[in-house]
Structure formats: structure tokens, C-alpha cells
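Computed from heavy atoms alone, side chains included, the values below leave out hydrogens, waters and symmetry copies. Numbering starts at 1 and runs along the sequence shown.
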Amino acid sequence: MAELAIIFGVCLLSEGIAALIPVAFPASVIALLLLGLLLFAKILKPEHIQRLSGFLVANMAFFFLPSCVGVMEHAPIILGQLAPFLLISFLTTPLIYLVTGWSVQWLIRRARGKGAGKHV
């Protein structure tokens with residue numbers, strides 16, 4: 001229950017932050033950033049949310065169902081904009097892969113450098 005309270009608390013806080021900022025910004029993104037900040041600052045330890053996080057990741061496909069239903073409901077609108085949608089998808093997907101791969105390699109090199117006593 002404590003893990004659930006922590007996750008819901010972060011989500012509730014992010015909803016409040018999203019309501020206060022003057023631009024439209026998804027509360028879910030704010031929650032991820034806030035959770036990452038809490039973990040990075042060691043205010044929150046991975047053990048505090050490990051079991052619930054494992055459960056959520058293991059059942060992630062279930063959480064995509066509402067999105068899929070929404071896409072099916074708006075299929076005529078999406079099909080009307082299929083060319084730009086596909087263009088954006090095919091341009092951004094490789095870009096995301098490249099940035100993710102670069103980030104992982106950078107983090108691995110950084111971790112190896114710290115482990116050996118070097119500063120990279």
C-alpha cells in the first residue's frame with residue numbers, strides 16, 4: 001500500500017503542477033520527471049516502489065487498451081491525415097532509436113569511468 005501511495009502521491013502532485021503552469025503540459029510527463037528527480041536525489045529509493053513498478057511493467061499492455069480504443073474511434077480522422085502521420089512516424093522513430101542508443105552508450109562509458117576512478 002505504501003508503494004501505491006507514493007506513486008499516486010507523485011501523480012497527484014504532478015496534476016497540481018500541471019494545473020499551475022501557464023502552458024499545457026501533460027501531468028504524466030511531469031510525474032515521470034518528478035519521480036526521476038526524487039530517485040536521482042535519493043529522496044526516494046528504488047526499493048520503495050520496486051514491487052509496484054514491477055507489476056505495472058509486467059502488465060503494461062493492459063494500459064494501452066484505452067489508447068487503442070481511442071485510435072479506433074478516431075480512425076476516419078487519422079486516415080484522412082495518414083500521409084503526414086506516417087511521415088512523422090518514419091522520421092522520428094529512427095531518431096528516437098539513435099538518441100536512445102547514444103544515451104545508453106554515454107551512460108555506460110560514464111559508469112565505467114567512475115568505476116575505474118576516472119572522470120569522463
Side-chain angles (χ1 to χ4, degrees):
M1 287 304 262
E3 293 181 16
L4 193 60
I6 291 169
I7 297 292
F8 280 167
V10 169
C11 290
L12 183 62
L13 183 60
S14 68
E15 288 288 341
I17 293 170
L20 291 175
I21 58 177
V23 293
F25 200 78
S28 58
V29 174
I30 295 172
L32 285 173
L33 293 172
L34 188 57
L35 188 61
L37 180 68
L38 290 171
L39 288 166
F40 183 73
K42 298 188 191 305
I43 296 169
L44 184 64
K45 293 185 170 89
E47 299 82 38
H48 293 148
I49 57 171
Q50 189 169 7
R51 283 184 43 201
L52 181 64
S53 300
F55 171 79
L56 292 174
V57 170
N59 295 291
M60 190 181 301
F62 177 74
F63 299 109
F64 282 101
L65 288 176
S67 300
C68 292
V69 171
V71 167
M72 289 172 25
E73 285 181 357
H74 300 293
I77 297 169
I78 293 172
L79 289 174
Q81 298 294 322
L82 189 60
F85 179 76
L86 290 175
L87 180 68
I88 290 169
S89 296
F90 284 119
L91 288 177
T92 58
T93 300
L95 181 65
I96 295 297
Y97 284 140
L98 287 171
V99 170
T100 302
W102 177 83
S103 300
V104 168
Q105 288 178 353
W106 179 77
L107 288 170
I108 289 171
R109 281 193 304 265
R110 185 172 176 225
R112 285 182 183 161
K114 282 188 176 182
K118 298 178 189 174
H119 297 288
V120 177

If hydrophobic clusters are built by linking Ile, Leu, Val, Met, Phe, Trp and Tyr wherever their side-chain heavy atoms come under 4.5 Å apart, do [X] and [Y] end up in the same one?
| X | Y | answer |
| --- | --- | --- |
| Leu52 | Phe8 | yes |
| Phe62 | Val69 | no |
| Phe90 | Leu82 | yes |
| Leu37 | Phe25 | no |
| Phe55 | Ile49 | yes |

Could you measure the distance from the [atom1] atom of [X] to the [atom2] atom of [Y]? Nearest 0.5 Å is fine.
| X | Y | atom1 | atom2 | result |
| --- | --- | --- | --- | --- |
| Ile78 | Leu86 | CD1 | CG | 11.0 Å |
| Leu39 | Leu44 | CG | CG | 5.0 Å |
| Leu87 | Leu91 | CG | CG | 4.5 Å |
| Gln81 | Ile88 | CD | CD1 | 9.5 Å |
| Glu15 | Leu20 | CD | CG | 11.5 Å |
| His48 | Ile43 | NE2 | CD1 | 12.0 Å |

Distance-minimising heavy-atom pair for [X] and [Y]:
| X | Y | value |
| --- | --- | --- |
| Glu3 | Glu47 | OE2-O, 4.0 Å |
| Ser89 | Thr93 | O-OG1, 2.7 Å |
| Ile30 | Ser14 | CG2-CB, 3.7 Å |
| Ile7 | Leu35 | CD1-CD2, 4.4 Å |

Check: Going through the checks in order, is the side chain to side chain contact (heavy atoms under 4.5 Å, CB included) test met by Met60 and Phe64?
Finding: CA-CA 7 Å; Met60 190 181 301; Phe64 282 101; 3.6 Å; yes
Item checked: Whether over 12 other heavy atoms sit under 6.0 Å from Phe63 CZ -> yes
